[in-house]
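None of these values were measured; they are calculated from a predicted model. Residue numbering restarts at 1 for every chain, and letters A, B, ... go by the order of the sequence lines.
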Amino acid sequence: SQTIHQWPATLVQPVGSPLSLECTVEGTSNPNLYWYRQAAGRGLQLLFYSVGIGQISSEVPQNLSASRPQDRQFILSSKKLLLSDSGFYLCAWSTRDRGYNEQFFGPGTRLTVL
Amino acid sequence: GDSVTQMEGPVTLSEEAFLTINCTYTATGYPSLFWYVQYPGEGLQLLLKATKADDKGSNKGFEATYRKETTSFHLEKGSVQVSDSAVYFCALSDDGGGSYIPTFGRGTSLIVHP
């Protein structure tokens, strides 16, 4: 069966510090991968998606970046965090076997920037 | 572009009450429709789906019917429980030229009191 992991689960970082969040998927190959942010009390904002290794599409211009160094690994980074980067970050995957339509979400990372 | 509109929350009900959460959509193609549920502090989970007009998705006592004529996919449950308290997201997905980027509603918070 497929599983998705995210770490860390929670993170408290000062303004201006770097960020690295990691997401890995097990039990599937060539997934589409997605990073979302959920601000407090608000809906989902798609940040990045990837259809393959090294292929990253950005949906929202900001101080975040994403990379996909391996087929089932997706990393979200920042060189300098802003207060507005606080939120709940969700990684998700979809796959050709399910028509790419269903998304499967990880447990999320709660980021607080102080 | 595609869009999903959900009723504003929170929806507050007593245990065993009937639940309806309205969802309407706008799409240029023939999308698949989904309801996801997010329990406090967790990622989203797929609750149910429908892939074509008049399909009914069902799971855990929840149901939703894909109504193409009214572009709606309302979520219903005959008797809610305290454990159903969560945020519910309506979503659609079509192939979007191969990118498979879903469109989510803003989410509706459900609070069920004993």
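- Clustering ILVMFWY residues whenever any of their side-chain heavy atoms sit less than 4.5 angstrom apart, transitively, puts A/Tyr36 in a cluster other than the one holding A/Phe48.
- By the neighbour-count criterion of 12 heavy atoms within 6.0 Å, atom CD of B/Glu15 is densely surrounded, having more than that number from other residues, nucleotides or ligands.
- Summarising the geometry, atom CD1 belonging to B/Ile101 is positioned 7.5 Å from atom CG belonging to A/Asn32; distances are rounded to the nearest 0.5 Å.
- Tracing side-chain contacts under 4.5 Å through hydrophobic residues (I, L, V, M, F, W, Y), one reaches A/Ile56 starting from A/Leu64; they form part of the same cluster.
- Here the straight-line distance linking atom OH of B/Tyr36 with atom CZ of A/Phe105 works out to 6.0 Å at 0.5 Å rounding.
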For residues 71-78 of chain A, tabulate all N or O donor-acceptor pairs below 3.5 Å that involve a side-chain atom, not counting sequence neighbours.
from, atom 1, to, atom 2, distance (Å)
A/Asp71, OD1, A/Asn30, N, 3.4
A/Asp71, OD1, A/Arg68, NH2, 3.2
A/Asp71, OD2, A/Asn30, N, 2.9
A/Gln73, OE1, A/Gln70, NE2, 3.3
A/Gln73, NE2, A/Glu22, OE2, 2.6
A/Ser78, OG, A/Asn63, O, 3.3
A/Ser78, OG, A/Asn63, ND2, 3.3
A/Ser78, OG, A/Lys80, N, 3.3
A/Ser78, OG, A/Lys80, O, 3.4

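- The two residues A/Tyr34 and B/Pro102 have their closest heavy-atom pair at CE2-CD, 4.4 Å.
- For chain A, the nearby part of B/Gln38 is the side chain; its heavy atoms alone come within less than 4.5 Å.
- Placement of A/Leu33 and B/Leu46 in two distinct hydrophobic clusters is found when ILVMFWY residues are connected by side-chain heavy-atom separations under 4.5 Å, directly or transitively.
- Between chain A and the residues B/Pro31, B/Gly107, B/Gly43, the most heavy-atom pairs under 4.5 angstrom are made by B/Gly43.
- Residue A/Gln38 touches chain B through its side chain alone, counting heavy-atom pairs closer than 4.5 Å.
- Here the side chains of A/Gln103 and B/Phe34 are not in contact, with every heavy-atom distance at 4.5 Å or above.
- Within the 4.5 angstrom heavy-atom criterion, atoms from both the backbone and the side chain of B/Leu44 approach chain A.
- Applying the side chain to side chain contact (heavy atoms under 4.5 Å, CB included) test to B/Ala86 and every residue at least two apart in sequence or in another chain returns B/Val37, B/Tyr39, B/Tyr88.
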